[in-house]
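This chain uses plain numbering: 1 for the first residue, then up along the sequence.
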Amino acid sequence: MTNETVTDESGTPLTFGTAGMRGPLGPGPGAMNVDTVVRTTAGLASWLQARCLGGSTVVVGRDARHGSREFAAATAEVLAAAGFDVVVLPRPLPTPVLAFAVRRLRAAAGVQMTASHNPATDNGYKVYTDGGAQLIAPADREIEHAIAAVGPALAVPRAPATPTDDSLLTEYLARVAALPHGSDRDLRIALTPLHGVGGDTAVAALTAAGFTDLHTVTSQFDPDPDFPTVRFPNPEEDGATDALLELAESVGADLAIALDPDADRCAVGVPGPDGWRMLRGDETGVLLGDHVLATAGPDPRERSPRSDQTPLVATTIVSSQLLAKMAAARGARFAETLTGFKWLVRAGAGLVYAYEEALGHCVDPEAVRDKDGISAAVLVADLAAGLKARGRSLPEVLDDYAVEFGVHAGDQVSRRVGHQGELADLMARLRADLPLSLAGDEVTAEDLLARRGALRTDAVVLRGERTRMVVRPSGTEPKLKCYLEVVVDVDDRSGLDRARAEAARRLSELRDYAREL
């Protein structure tokens with residue numbers, strides 16, 4: 001195998017962001033190519049050796065994007081030449097399988113070639129460390145320093161590395177199939193992997209768990225690195241799940257599930273009086289959180305919010321505030337972290353569930369210390385089947401939450417920019433002219449760059465009595481993101497429609513402000 005020739009020496013080298021290192025495919029240190037991957041891996045190997053982890057196990061996996069096969073091979077070969085015991089997953093597989101394998105093998109590290117839900121022109125390099133959680137500071141900066149000390153990619157030694165068999169995948173599927181809490185299985189499911197690598201694994205997991213009435217979007221089932229039927233391969237994007245919802249309607253499904261291309265995210269669609277709709281990540285988040293808490297740890301009547309034995313649930317600063325209220329009502333502990341599962345899975349002892357609004361759910365932290373769309377799909381199917389058997393539905397449970405905790409209406413407004421530098425300009429303009437009120441609610445501003453320690457990040461939180469907006473640059477794409485939430489109290493079930501109308505009106509005002517940014 002030959003290295004790609006680097007022709008653009010002027011590019012700024014890629015760095016580790018919210019979820020690994022991502023960039024466009026192309027030449028130069030500022031892009032994803034074999035030379036970049038070889039030098040990055042040599043830096044990672046050096047960093048591990050400096051911590052007396054030379055010769056330890058490292059797992060390498062990949063998705064089906066352009067370049068992933070070559071990048072995974074180069075990574076495995078550099079690690080093998082450096083003396084590591086390299087376990088190469090046998091074919092393109094979901095990122096959660098790699099995270100599971102790192103934890104299962106007690107590996108020193110894992111590397112997955114993926115750009116997740118980014119455009120087809122991108123690829124990425126995601127690093128997991130001991131315990132199967134994603135890389136965090138200061139390790140990310142230390143590895144970047146080690147990469148900077150690596151010479152030309154052509155001079156980095158490489159040795160053959162042979163892919164393993166399906167045994168780790170088999171163990172993963174067995175673990176996921178055992179997650180359901182109930183025995184009801186009468187549920188018709190429509191599924192799409194959005195041209196990614198999750199299709200076969202999701203079908204196998206759901207089938208092993210007893211959900212066999214499955215219907216898949218044929219045009220999106222096989223991996224295709226060009227993602228031909230979607231503008232962006234992200235279930236959050238407008239139009240990305242249209243084919244899924246059309247299938248769900250046509251087959252009379254009870255539940256629709258969309259995975260992102262590396263299957264670490266799970267989006268859920270449900271039928272309603274006005275037709276099918278996709279749930280927001282916050283809606284799925286509280287549904288799964290409550291479902292996990294129903295069987296986690298001691299009886300809710302015996303839980304102490306101050307005990308490490310009491311279940312802990314977590315979400316991020318940009319997600320809904322509803323999970324915190326629910327945790328208190330269920331006798332559980334709650335933690336809020338910075339954006340990204342590298343922080344969520346480190347929220348504290350006793351963690352049983354974590355989610356972020358961008359469709360990421362960690363329903364089995366003991367096995368996968370990261371978001372996992374496959375296991376989330378199995379558990380949401382378990383929840384939906386149990387409700388169906390009792391003549392109920394997911395939207396009806398969301399109505400219950402609105403009555404109990406108030407209507408929590410949320411949305412996200414994003415602005416895509418040409419390059420990262422524009423994001424700094426936009427954030428500077430916001431900080432120079434912070435609003436005093438939003439949607440009729442007086443707000444105060446907290447600049448999270450002014451924090452100290454691990455909770456410091458580039459974000460501004462605007463918070464009022466019934467309104468919240470978080471503005472931050474994306475850590476994975478050139479986007480400015482505004483996360484919006486309004487809360488309206490509900491007296492009883494008869495007041496739900498009025499409360500939702502009021503929430504929609506105020507949320508519309510928030511959207512207008514966010515778009516003006």
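No more than 12 heavy-atom neighbours from other residues, nucleotides or ligands sit within 6.0 angstrom of CG on Asp489. Counted within 6.0 Å of CZ on Arg231, heavy atoms from surrounding residues, nucleotides or ligands total 12 or fewer; the atom is thus considered open. Arg415 CZ: 12 or fewer foreign heavy atoms inside a 6.0 Å radius. The 12-atom threshold is exceeded at CD of Glu237, counting heavy atoms of other residues, nucleotides or ligands nearer than 6.0 Å. More than 12 heavy-atom neighbours from other residues, nucleotides or ligands sit within 6.0 angstrom of CG on Asp492.
The pair Arg103-Asp370 does not meet the salt-bridge criterion, since no charged nitrogen lies less than 4.0 angstrom from a carboxylate oxygen. A salt bridge between Asp264 and Lys126 is present, with a side-chain N of the basic residue lying under 4.0 Å from a carboxylate O of the acidic one. In summary, Glu502 and Arg498 do not engage in a salt bridge, as defined by a charged side-chain N under 4.0 Å from a carboxylate O. Between Lys325 and Glu404, no side-chain nitrogen of the basic residue sits less than 4.0 Å from a carboxylate oxygen of the acidic one, so the salt-bridge criterion is not met. Glu236 has no carboxylate O lying under 4.0 Å from a charged side-chain N of Lys479, or vice versa, which leaves the two without a salt bridge. Salt bridge Glu283/Arg277: present, at least one basic N to carboxylate O contact under 4.0 Å.
Here OG1 of Thr114 is found 6.0 Å from CZ of Arg65. Values are rounded to the nearest 0.5 Å. Atoms OG1 and NE2, from Thr284 and His291 in turn, are 13.0 Å apart once rounded to the nearest 0.5 Å. A distance of 4.5 Å separates CG in Asp411 from CZ in Arg511, rounded to the nearest 0.5 Å. Going from atom CG of Leu510 over to atom CG of Leu484 covers 5.5 Å, rounded to the nearest 0.5 Å. The structure places CG of Leu312 at 4.5 Å from CZ of Arg333, a figure rounded to the nearest 0.5 Å. Taken to the nearest 0.5 Å, the OG atom of Ser474 stands 8.0 Å off from the CG atom of Asn118.
In terms of heavy atoms, Met427 sits closest to Ala459 at CE-CA, 4.1 Å. Between Asp382 and His181 the shortest heavy-atom distance is OD2-N, 2.8 Å. The shortest heavy-atom contact between Pro235 and Ala267 is CB-CB, 3.6 Å. Listed here is the closest heavy atom pair of Ala409 and Leu507: O-CD1, 3.8 Å. Here the closest heavy-atom approach between residue Val378 and residue Phe211 is recorded as O-CE1, 4.1 Å. Contact detail for Pro435 and Val443: the closest heavy-atom pair is O-CG2, 3.7 Å.
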For this session: Step by step, work out the side chain to side chain contact (heavy atoms under 4.5 Å, CB included) result for Ile136 and Gln134.
Result: CA-CA 6 Å; Ile136 59 169; Gln134 290 183 46; 5.8 Å; no
I would like to know whether Leu480 and Val417 meet side chain to side chain contact (heavy atoms under 4.5 Å, CB included); could you show each step before the answer?
CA-CA 8 Å; Leu480 184 72; Val417 298; 5.6 Å; no
inquiry  = One pair to check against side chain to side chain contact (heavy atoms under 4.5 Å, CB included): Leu398 and Val286. What are the steps and the verdict?
reply    = CA-CA 9 Å; Leu398 291 172; Val286 294; 4.2 Å; yes
| field | Chi angles and distances behind the side chain to side chain contact (heavy atoms under 4.5 Å, CB included) call for Thr339, Thr457 | value | CA-CA 9 Å; Thr339 304; Thr457 190; over 6 Å; no
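With a 4.5 Å cut-off on side-chain heavy atoms, Pro261 and His117 count as touching. Put simply, the side chain of Thr229 reaches to within 4.5 Å of the side chain of Gln220, judged on heavy atoms. With a 4.5 Å cut-off on side-chain heavy atoms, Asp262 and Ser116 count as touching. Residues Thr192 and Leu247 are not in side-chain contact: their nearest non-hydrogen atoms beyond the backbone lie 4.5 Å or more apart. When side chains are defined from C-beta on, Val313 does not count as touching Arg330, because their heavy atoms never get closer than 4.5 Å. Here the side chains of Val318 and Lys481 are not in contact, with every heavy-atom distance at 4.5 Å or above. Residues Val380 and Val363 fail the side-chain proximity criterion, which asks for heavy atoms closer than 4.5 Å. The shortest distance between side-chain heavy atoms of Phe341 and Val368 does not fall below 4.5 Å.
Residue Pro311 forms a side-chain contact (heavy atoms from CB on, under 4.5 Å) with just one option from Thr295, Val352, Val292, and that option is Val352. Of the candidates Arg463, Glu485, Glu336, His408, Glu485 is the only one forming a side-chain hydrogen bond (donor to acceptor under 3.5 Å, both in side chains) with Gln321. Test Arg472, Arg431, Arg451 against Asp458 for salt bridge (Lys or Arg N to Asp or Glu O under 4.0 Å) and you get one pass: Arg431.
For the side chain to side chain donor-acceptor pair (under 3.5 Å) condition, the pairs that include at least one residue of residues 347-362, sequence neighbours left out, are Asp282-Tyr355, Tyr353-His361, Glu357-Gln412. The list of salt bridge (charged side-chain N to carboxylate O under 4.0 Å, His left out) pairs with a residue in residues 251-260, not counting sequence neighbours, reads Asp254-Lys388, Asp260-Arg265.
With hydrogens and angles ignored, the 3.5 Å screen pairs a side-chain donor or acceptor of Glu396 with a backbone N or O of Ser393. Proximity of a side-chain donor or acceptor of Arg506 to a complementary backbone N or O of Arg466 within less than 3.5 Å is detected. Between the side chain of Asn123 and the backbone N or O of Leu25, no donor-acceptor pair lies under 3.5 Å. The backbone N or O of Asp425 lies less than 3.5 Å from no partner atom in the side chain of Arg429, so there is not a single donor-acceptor pair. Side-chain atoms of Arg188 do not come within 3.5 Å of backbone N or O of Gly252 as any donor-acceptor pair. Side-chain atoms of Arg185 come within 3.5 Å of backbone N or O of Ala209 as a donor-acceptor pair.
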